[in-house]
Amino acid sequence: MAVSLSAVSVHVERLLEQQLIKVSHIGASSGGRKPKQYTCNEKYGLILSIELGTTSVQVAYTDFNCEIIGVTTSAISIGDGPEHVLDHIYRLSEQLLSELELGKETVKGIGIGIPGPVDFEMGMPIAPPIMPGWDRYPIREFWARHYDCSCYVDNDVNIMALGEHAKGLNFEVDNLIYMKVGTGIGSGVIYDGKLYRGATGSAGDIGHFDIGSDSVCWCGNRGCLEAEAGGKAIVAKGMDMALSGKSGYLLKQLEDQGKLTLEDIGNGILKLDPASVELVRDSGLLIGRVIASIVNFSNPALVAVGGRVSEFGDLFLAALRQSVYQRSLPLATRNLAINKSILDHKAGLVGGAFMTIDELITQATNDDVSCFL
């Protein structure tokens with residue numbers, strides 16, 4: 001959308017007046033007015049950024065440059081429902097704010113990523129398959145009870161993609177897919193430099209691509225990629241291999257702990273346990289098949305991989321790359337990079353802050369006076 005020079009000047013003056021931005025550099029004159037460069041005023045206040053998972057949550061405060069100044073992590077169970085989980089997160093945010101010796105008035109915005117489909121305009125989850133009791137829960141209204149600022153809600157992988165694009169890659173890659181491979185599988189899409197949410201906000205939900213298997217997914221369908229290659233599926237297959245005598249290492253972990261975890265699989269790789277290596281390699285190959293289809297369709301420059309399974313390192317990435325390059329067209333992969341996320345476990349927190357700041361600036365430049373900060 002083209003914007004006139006006069007409109008840009010009005011918006012810049014408004015942002016300067018509200019102290020959301022500041023002059024960062026004044027260039028040399030080429031005969032007229034000296035050019036100015038602007039940046040966000042990192043001292044404007046704090047952003048409360050929350051990355052909610054199925055079994056854990058990260059809570060952080062950042063400045064207006066998306067730099068994390070305080071962070072805490074806690075175990076949760078998403079199945080306990082929104083009131084219980086959000087009350088716990090609120091207590092974590094209060095405790096962290098107290099540790100930073102700062103007051104509530106310094107919090108200027110809240111960004112939260114959740115592991116399910118989100119209607120971004122409404123700020124609420126829509127029929128999330130792994131979040132029982134959360135359907136259409138008004139998350140923004142919950143935070144409005146506690147903080148006098150705007151709250152923005154999006155899918156967790158979308159905010160990871162935003163964080164990677166803005167701060168990990170410094171806006172240098174305009175077309176990328178951010179893959180999160182953890183308990184489940186999802187992706188966020190940056191298209192022509194902007195986050196692509198799709199018509200209703202569900203773009204990037206690749207975990208439920210049908211790969212033709214007979215495995216039952218927690219969404220209720222059969223054959224979903226997530227049900228065969230996600231972290232939960234890897235652990236379930238690991239238990240089967242342990243009990244069938246295919247891995248002495250996994251069997252010992254199961255007997256000692258009464259269960260298996262992704263960490264056990266990761267340690268098995270370090271110990272060169274053949275079953276653990278097979279499980280992770282097979283997961284990479286299956287996910288790579290789906291990514292290859294996306295690469296052929298959308299032709300990204302980069303696939304960035306994050307999440308707990310990506311921490312298994314070169315074994316997982318090598319299998320994923322092998323599958324993508326085998327099944328994608330030569331032109332689509334000519335300049336394609338498939339790399340581990342630069343920001344890694346910080347991507348969601350940084351992205352939540354960036355999303356919030358971006359929305360606050362958009363709000364501050366809206367000509368509807370009811371939208372002014």
Side-chain angles (χ1 to χ4, degrees), residues 51-57 75-86 112-119 124-137 139 153-160 178-188 198 200-243 254 258-266 279-280 282-291 293-294 305-312 316 348:
E51 183 189 341
L52 178 60
T54 56
T55 58
S56 66
V57 63
I76 57 98
S77 174
I78 202 75
D80 288 340
E83 288 289 341
H84 180 86
V85 171
L86 292 175
I112 177 169
I114 66 172
V118 173
D119 184 316
M124 59 177 62
I126 304 296
I130 60 171
M131 301 174 69
W134 288 76
D135 183 30
R136 297 185 178 274
Y137 181 83
I139 295 175
V153 187
D154 206 346
N155 174 263
D156 58 349
V157 196
N158 279 349
I159 65 171
M160 291 175 188
Y178 188 99
M179 288 280 309
K180 178 194 174 187
V181 187
T183 303
I185 299 171
S187 73
T200 57
S202 65
D205 193 3
I206 71 166
H208 300 286
F209 272 43
D210 184 0
I211 60 170
S213 74
D214 197 44
S215 300
V216 178
C217 182
W218 46 22
C219 73
N221 290 320
R222 290 182 179 272
C224 293
L225 175 66
E226 197 168 285
E228 275 292 311
K232 191 173 181 180
I234 291 173
V235 170
K237 290 179 180 180
M239 290 184 65
D240 289 342
M241 296 180 88
L243 294 172
L254 182 59
K259 63 177 182 178
L260 284 180
T261 65
L262 275 176
E263 285 73 18
D264 294 327
I265 306 296
L279 287 167
V280 172
D282 286 351
S283 173
L285 290 171
L286 284 172
I287 295 170
R289 283 170 51 186
V290 172
I291 294 178
S293 298
I294 297 171
V305 187
R308 293 168 67 192
V309 175
S310 73
E311 295 171 3
F312 293 155
F316 177 77

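Positions are given from 1 along the sequence.
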Self-check item: Test log, rule side-chain contact (heavy atoms from CB on, under 4.5 Å), inputs Glu263 and Arg308
Solution: CA-CA 9 Å; Glu263 285 73 18; Arg308 293 168 67 192; 2.8 Å; yes
Under the side chain to side chain contact (heavy atoms under 4.5 Å, CB included) test, which residues partner [X], sequence neighbours left out?
{"X": "Pro117", "value": "Pro128, Pro129"}
{"X": "Ala203", "value": "Tyr196"}
{"X": "Asp80", "value": "Ser77, His84, Val85"}

Any side-chain heavy-atom pair from [X] and [Y] closer than 4.5 angstrom?
{"X": "Cys224", "Y": "Ile211", "answer": "no"}
{"X": "Leu286", "Y": "Leu225", "answer": "yes"}
{"X": "Tyr137", "Y": "Asp135", "answer": "no"}
{"X": "Met124", "Y": "Val153", "answer": "no"}

Practice problem: Output, in order, the C-alpha distance, side-chain angles, deciding distance and verdict of side-chain contact (heavy atoms from CB on, under 4.5 Å) for Ser187 and Ile206. | Solution: CA-CA 6 Å; Ser187 73; Ile206 71 166; 3.5 Å; yes
Would you give the length of the straight line joining atom [atom1] of [X] to atom [atom2] of [Y], rounded to the nearest 0.5 angstrom?
{"X": "Asn155", "Y": "Asp119", "atom1": "CG", "atom2": "CG", "answer": "12.5 Å"}
{"X": "Asp264", "Y": "Leu254", "atom1": "CG", "atom2": "CG", "answer": "9.0 Å"}
{"X": "Ile126", "Y": "Thr200", "atom1": "CD1", "atom2": "OG1", "answer": "9.0 Å"}
{"X": "Ile114", "Y": "Trp134", "atom1": "CD1", "atom2": "CH2", "answer": "7.0 Å"}
{"X": "Ile112", "Y": "Ile159", "atom1": "CD1", "atom2": "CD1", "answer": "8.5 Å"}
{"X": "Phe316", "Y": "Ser310", "atom1": "CZ", "atom2": "OG", "answer": "7.0 Å"}

Self-check item: Full working for side-chain hydrogen bond (donor to acceptor under 3.5 Å, both in side chains) between Ser202 and Asp205
Solution: CA-CA 6 Å; Ser202 65; Asp205 193 3; over 6 Å; no
Practice problem: Could you walk me through whether Val57 and Ile76 pass side-chain contact (heavy atoms from CB on, under 4.5 Å), step by step? | Solution: CA-CA 7 Å; Val57 63; Ile76 57 98; 3.9 Å; yes
Quiz item: If you look only at pairs with a residue in residues 215-227, which of them pass as a salt bridge (Lys or Arg N to Asp or Glu O under 4.0 Å), with sequence neighbours excluded?
Solution: Asp214-Arg222
Quiz item: In chain order, what residues pass the salt bridge (Lys or Arg N to Asp or Glu O under 4.0 Å) check against Arg289, with sequence neighbours excluded?
Solution: none
Nearest heavy-atom pair of [X] and [Y]: which atoms, and what distance?
{"X": "Gly79", "Y": "Pro132", "answer": "CA-CG, 3.9 Å"}
{"X": "Met160", "Y": "Tyr178", "answer": "CB-CE2, 3.6 Å"}
{"X": "Pro115", "Y": "Leu52", "answer": "CD-O, 3.1 Å"}
{"X": "Met239", "Y": "Leu260", "answer": "N-CD1, 3.6 Å"}
{"X": "Met131", "Y": "Gly116", "answer": "SD-N, 4.2 Å"}

Exercise. Begin from the C-alpha positions of His208 and Asn221 and carry the test side-chain contact (heavy atoms from CB on, under 4.5 Å) through to its verdict.
Key: CA-CA 8 Å; His208 300 286; Asn221 290 320; over 6 Å; no
Tabulate below the donor-acceptor pairs under 3.5 Å that side-chain atoms of residues 227-236 make, not counting sequence neighbours, or state none.
residue: Glu228; atom: OE1; partner: Lys237; partner atom: NZ; Å: 3.1
residue: Glu228; atom: OE2; partner: Ser215; partner atom: OG; Å: 2.2

